[in-house]
Number of protein chains: 2
Amino acid sequence: MLDDRKKKILQAIVEEYIETAEPVSSKALVEKRNINYSSATIRNDMAELEKIGLLDKPHTSAGRIPSAQGYRYYVDKLINSNDISMKEIKYIQSQLETKVNQIEDLTKIATTTLSEITHYTSVGIGPKASEQNIQEVKFILLGSRLLMAIILTETGLIKETIIKFNEDITQEQVDTITYLFNNKLHGKPLTQIDKPMEEYMHSEMSNILNVIKPILEQINKAINEDVPVYMEGADKSFELPEFKSLDIAKSFVNILDTDKTKQMIDILNSSNNEDEINVYIGDENVDKSLKDFSIVTFKHKEKGKDLGTIAIIGPTRMDYSKVISAMKYISKQLNKDKLLESGEDDEDGKKK
Amino acid sequence: MLDDRKKKILQAIVEEYIETAEPVSSKALVEKRNINYSSATIRNDMAELEKIGLLDKPHTSAGRIPSAQGYRYYVDKLINSNDISMKEIKYIQSQLETKVNQIEDLTKIATTTLSEITHYTSVGIGPKASEQNIQEVKFILLGSRLLMAIILTETGLIKETIIKFNEDITQEQVDTITYLFNNKLHGKPLTQIDKPMEEYMHSEMSNILNVIKPILEQINKAINEDVPVYMEGADKSFELPEFKSLDIAKSFVNILDTDKTKQMIDILNSSNNEDEINVYIGDENVDKSLKDFSIVTFKHKEKGKDLGTIAIIGPTRMDYSKVISAMKYISKQLNKDKLLESGEDDEDGKKK
DNA sequence: TTTAGCACTATGTATCTCCGAGTGCTAAAC
DNA sequence: GTTTAGCACTCGGAGATACATAGTGCTAAA
């Protein structure tokens, strides 16, 4: 356990370093951070903080910088998690009020807003379709051989896909299929879409057998493929002094490349704690290419269903206080709004 | 007009520089590029090529590099536009055969494939909705106050949006609206969706008046907002030696940031020539932040309708021969396939 | 327990030198 | 007239050296 002065010194070093990106000297703490002890006293404490592993020293004649553990201590015990101004609150509110066309848009807007408030790069991932339960399935015949399937989930997520057939489809067939799907699939998870249909595959209704199969195939494909990813403010990161190091810049681009999106999704989805903000500092990240970065994530859920994940990626020297505060506020707003239900309930009594 | 030897020398310099990223010396041309003249002769020619502005010299005691004009001459007159291997052709074909859920997916696949073949960053932009003509409009009541509008265009592009109402909507209203929309809008451009509807706004059908307005609003929003952008292989660019310069790396990230997407869209959409490959070298680009880059674009059209634009962005020292060849081949394939029609024609005789 | 004072140390920067690759030009060769 | 050999010249990059400086660690005194 640290005594008060050491805590104060650690906090001051972290915050000063976050601000200046330069190793912090004992003198700087006295002059800029109002620590009312002599630089010598502070130096003694700094030496001890270094011994317990909370500070690092780039070299003998430089100041100190926080270690990953130091940031961790700061985030866990010293942080001000209400570091958000009235102006920022207003801005967030105005952004979240924007009308959305789709549920996914909400995550997108939150991602953008977060990047604008924090000046870090933010990444958003749309809802994972596979976790959702089916509310309703609609089929629309777009042409004699072209069928559009629209799946609405209980949380309002919409998946649509187009199926092409080699032979003509009749409206009667479509009606039958629509009836079957909605009868069998309501409330079932999207991943299990083909299980309940299988019995029909082997049933007497041979006239739709050859129609159902391609539909299931295509729907399955649509569910598993499409996880929208939004990235905002990548250019902002490049203004940071850490990006003067080409290695860091490179690994950052590697992380954000669309190809590597799946990696990112894995990283973010491993943060499972519902409605809670997770912070991964430097080498706490499982992925080693993230060792020089910190990630702050938040998973937006409603009734246990994934509505999207939002993350901020920045250098370990990140303004945790600001990032966590902003994310906390946005997450609270997202949960308060319950936007999904605003216009669709009370139809069949299934929802309260 | 250049004599044959000068052409050969220019070509060799461009190609050698593309390969090595080092200023090319007269000696290198003799030894590595089999120019069967003495280095002195070559030096004389290089001096002349520099005088006409086709070559640059970083400093007195360095070799030559092509100027923007030099690249331009190379691209226009010296290039081998069939620089594509059997293996690459096979790969492109296999990729384009992938089943697509939506028309947009085609652009996406082409974008990815192009980046993989050329090893440069590629950017794809989906079809511009505003240029499309309406084929059919469907409305689906998802709840008592939630309506989904699906617009199918003549080229197969699908736009869908959700409209929320403050009061309940009946199926009869939806049917009326569906009839109205399809009656009035078939074959009209998407941008003019509200013009033909206006007369109804002032007509006797007051029971749907308050329904049409929010629908038009929301549809207009969906049309104008949603231009999907795909980016592939940004990390590949960072492996290039030019990205050792932090300024170049920075301006590159600036270009590709989602925020600046609209700039990019403008840039790409200014390349209007249908089914033709456009090359913008260095400062030929209107946007000054692109002065160190070259862009090769191709606009995929069918019957005059925009189906998407694909671009390769790389340093001015780009392998134009390979990029142009690959793009040419992909564009040919895209046009040959006419994928859009494969299953939807002959329904009502409107299409041949 | 805190502080003043001082020796010590690593780094960044500036300056200088030296090397070599490459040119431009002149004069000779073809 | 065209090509080539030869050579002086130039510039940038790599290393070496020195210097100034910011910061520490430690000792001894307050």
Side-chain angles (χ1 to χ4, degrees), chain A residues 1-10 12-14 16-17 19-67 70 241-242 244-246, chain B residues 1-10 12-14 16-17 19-67 70 241-242 244-246:
Chain A
M1 195 52 192
L2 300 182
D3 63 47
D4 280 355
R5 191 178 63 206
K6 289 212 186 69
K7 278 188 199 167
K8 212 168 153 188
I9 288 175
L10 177 58
I13 290 176
V14 172
E16 177 70 13
Y17 185 63
E19 199 180 312
T20 63
E22 299 287 333
V24 182
S25 73
S26 49
K27 210 173 120 213
L29 291 186
V30 177
E31 287 169 5
K32 298 179 58 185
R33 291 277 154 183
N34 303 316
I35 308 262
N36 288 319
Y37 290 92
S38 78
S39 62
T41 311
I42 294 172
R43 273 203 295 282
N44 288 332
D45 280 358
M46 294 201 307
E48 286 202 50
L49 287 167
E50 188 185 343
K51 210 173 285 170
I52 359 176
L54 297 178
L55 292 181
D56 275 343
K57 195 165 46 173
H59 52 264
T60 338
S61 75
R64 299 301 207 295
I65 61 174
S67 68
E242 354 316 77
K244 291 220 172 81
S245 149
L246 203 69
Chain B
M1 198 48 194
L2 300 181
D3 63 50
D4 280 355
R5 191 178 64 206
K6 288 211 186 69
K7 278 189 199 166
K8 212 168 153 188
I9 287 175
L10 177 58
I13 289 177
V14 173
E16 177 71 13
Y17 185 62
E19 199 179 314
T20 64
E22 300 286 333
V24 183
S25 73
S26 51
K27 210 173 121 213
L29 292 185
V30 177
E31 287 170 4
K32 298 180 60 186
R33 293 276 154 185
N34 302 317
I35 309 264
N36 289 319
Y37 289 92
S38 79
S39 62
T41 311
I42 294 172
R43 273 202 296 283
N44 289 331
D45 280 357
M46 293 201 307
E48 286 203 51
L49 287 168
E50 188 186 344
K51 210 171 283 170
I52 4 175
L54 298 178
L55 292 180
D56 274 343
K57 195 166 47 171
H59 51 265
T60 338
S61 75
R64 298 304 207 295
I65 61 175
S67 69
E242 3 301 86
K244 291 220 171 81
S245 150
L246 202 69

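In what follows, chains carry the letters A, B, and so on, assigned in the order in which the sequence lines appear, proteins first and then strands, with residues in each chain numbered from 1.
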Chain A on DNA chain C: first and last contacting nucleotide, 5' to 3', under 4.0 Å to a heavy atom? C:dT2 to C:dT11
Side chain to side chain, A:Leu54 and A:Ile13, heavy atoms closer than 4.5 Å: no
Divergence of helical axes at both termini of the helix from C:dT1-D:dA30 to C:dC30-D:dG1 - five pairs an end, 10° steps: 30°
Correct closest heavy-atom pair for A:Pro66 and A:Tyr17 would be CD-CD2, 3.5 Å
Could you identify which residues of residues 50-57 of chain A place a heavy atom less than 4.0 Å from some atom of DNA chain D, listed by residue number, or say none? A:Lys57
Between A:Leu29 and A:Ala12, the two heavy atoms sitting closest are CD2-CB, 3.8 Å
All side-chain hydrogen bond (donor to acceptor under 3.5 Å, both in side chains) counterparts of B:Ser39, not counting sequence neighbours: B:Arg43
Using the test side chain to side chain contact (heavy atoms under 4.5 Å, CB included), find all partners of A:Ser25 that sit at least two apart in sequence or belong to another chain. A:Lys27, A:Ala28
Residue list, side chain to side chain contact (heavy atoms under 4.5 Å, CB included) with A:Ser61, at least two apart or on another chain: A:His59
If the condition is salt bridge (charged side-chain N to carboxylate O under 4.0 Å, His left out), which residues does B:Glu19 pass it with, not counting sequence neighbours? B:Arg33
For DNA chain D, which residues in residues 21-38 of chain B have a heavy atom at a distance below 4.0 Å? B:Tyr37, B:Ser38
What's the shortest heavy-atom distance between A:Gly63 and A:Pro58, and which atoms? O-CD, 3.3 Å
Compare every heavy atom of B:Gly70 with every heavy atom of B:Leu10, then report the nearest pair and how far apart it is. CD2-O, 4.4 Å
What pairs with B:Lys32 under side chain to side chain contact (heavy atoms under 4.5 Å, CB included), at least two apart in sequence or on another chain? B:Glu16, B:Thr20
Separation of D:dT2 atom P from B:Ile42 atom CD1, nearest Å, is 17 Å
Residues forming a side-chain hydrogen bond (donor to acceptor under 3.5 Å, both in side chains) with A:Lys6, sequence neighbours excluded: A:Asp3
Starting from P on D:dT4, measure out to CG on B:Asn44 and report it in whole angstrom. 10 Å
Atom pairs under 3.5 Å: protein N/O with N/O of nucleotides 9-13 of chain D:
from: D:dC11; atom 1: O2; to: B:Ser61; atom 2: OG; distance (Å): 3.0

Is B:Ser67 reaching over with its side chain to a backbone N or O of B:Gly53, donor-acceptor style, under 3.5 angstrom? yes
Distance in Å, B:Ile35 CD1 paired with B:Thr41 OG1, rounded so as to fall on 0.5 Å steps: 11.0 Å
Reckon B:Ala40 touches a base, only the sugar-phosphate, or nothing at all at heavy-atom distances under 4.0 Å? base
Using the side chain to side chain contact (heavy atoms under 4.5 Å, CB included) criterion, which residues pair with B:Glu50? Sequence neighbours excluded. B:Leu55, B:Lys57, B:Arg64
At what distance, to the nearest 0.5 angstrom, does CG of B:Asn44 lie from CZ of B:Arg5? 8.0 Å
